[in-house]
> 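Before anything else, here's the structure in question.
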Amino acid sequence: MIEIIFGILLLAMALFLVIAIMAQSGKDKKLSGAIGGGADTFFNKGKATRNEKRLARWTAIVAVLFVISVVVMYIVVS
């Protein structure tokens, strides 16, 4: 039963990580407007950078939790 719960949790975290990483703009913002839309307008520039920082923070948190969960799952299953 615990394997199923951890499996669902790992799947949800993996999906979040894939979507969050794809949504983030890289250091080189040439293609980010084409993929993510024009979020850097004059009036919306501060909000866009706040959202990007928040998304980067949540991505890092979920990535750490994902790694910890994988290690715990490995220990539990074996």
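Hydrogens, waters and symmetry mates play no part in the numbers below; they use all other heavy atoms, side chains included.
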> Is the closest side-chain heavy-atom distance between F16 and F66 below 4.5 Å?
no
> Flag yes if more than 12 heavy atoms outside I61 fall under 6.0 Å of its CD1 atom; otherwise flag no.
yes
> If you compare all heavy atoms of S69 against all heavy atoms of L10, which two are closest, and at what distance to 0.1 Å?
CB-CD2, 3.6 Å
> Same hydrophobic cluster for V76 and L65, using side-chain heavy-atom links shorter than 4.5 Å among ILVMFWY?
yes
> Side-chain heavy atoms nearer than 4.5 Å, only ILVMFWY residues, links allowed to pass through others: does that put V70 and V67 together?
no
> I'd like to know if I68 and L9 are part of one continuous hydrophobic network [Ile/Leu/Val/Met/Phe/Trp/Tyr, side-chain heavy atoms within less than 4.5 Å].
yes
> Between W58 and I21, is there a shared hydrophobic cluster once you connect ILVMFWY residues whose side-chain heavy atoms come closer than 4.5 Å?
no
> If every non-hydrogen atom of Q24 is compared with every non-hydrogen atom of T59, which pair is closest and at what distance?
NE2-OG1, 2.8 Å
> Looking only at non-hydrogen atoms, find the nearest pair between M73 and E3 and report the distance.
CE-O, 3.5 Å
> Hey, any chance I5 and L11 share a hydrophobic cluster, counting ILVMFWY side chains that come within less than 4.5 Å of each other, even indirectly?
no
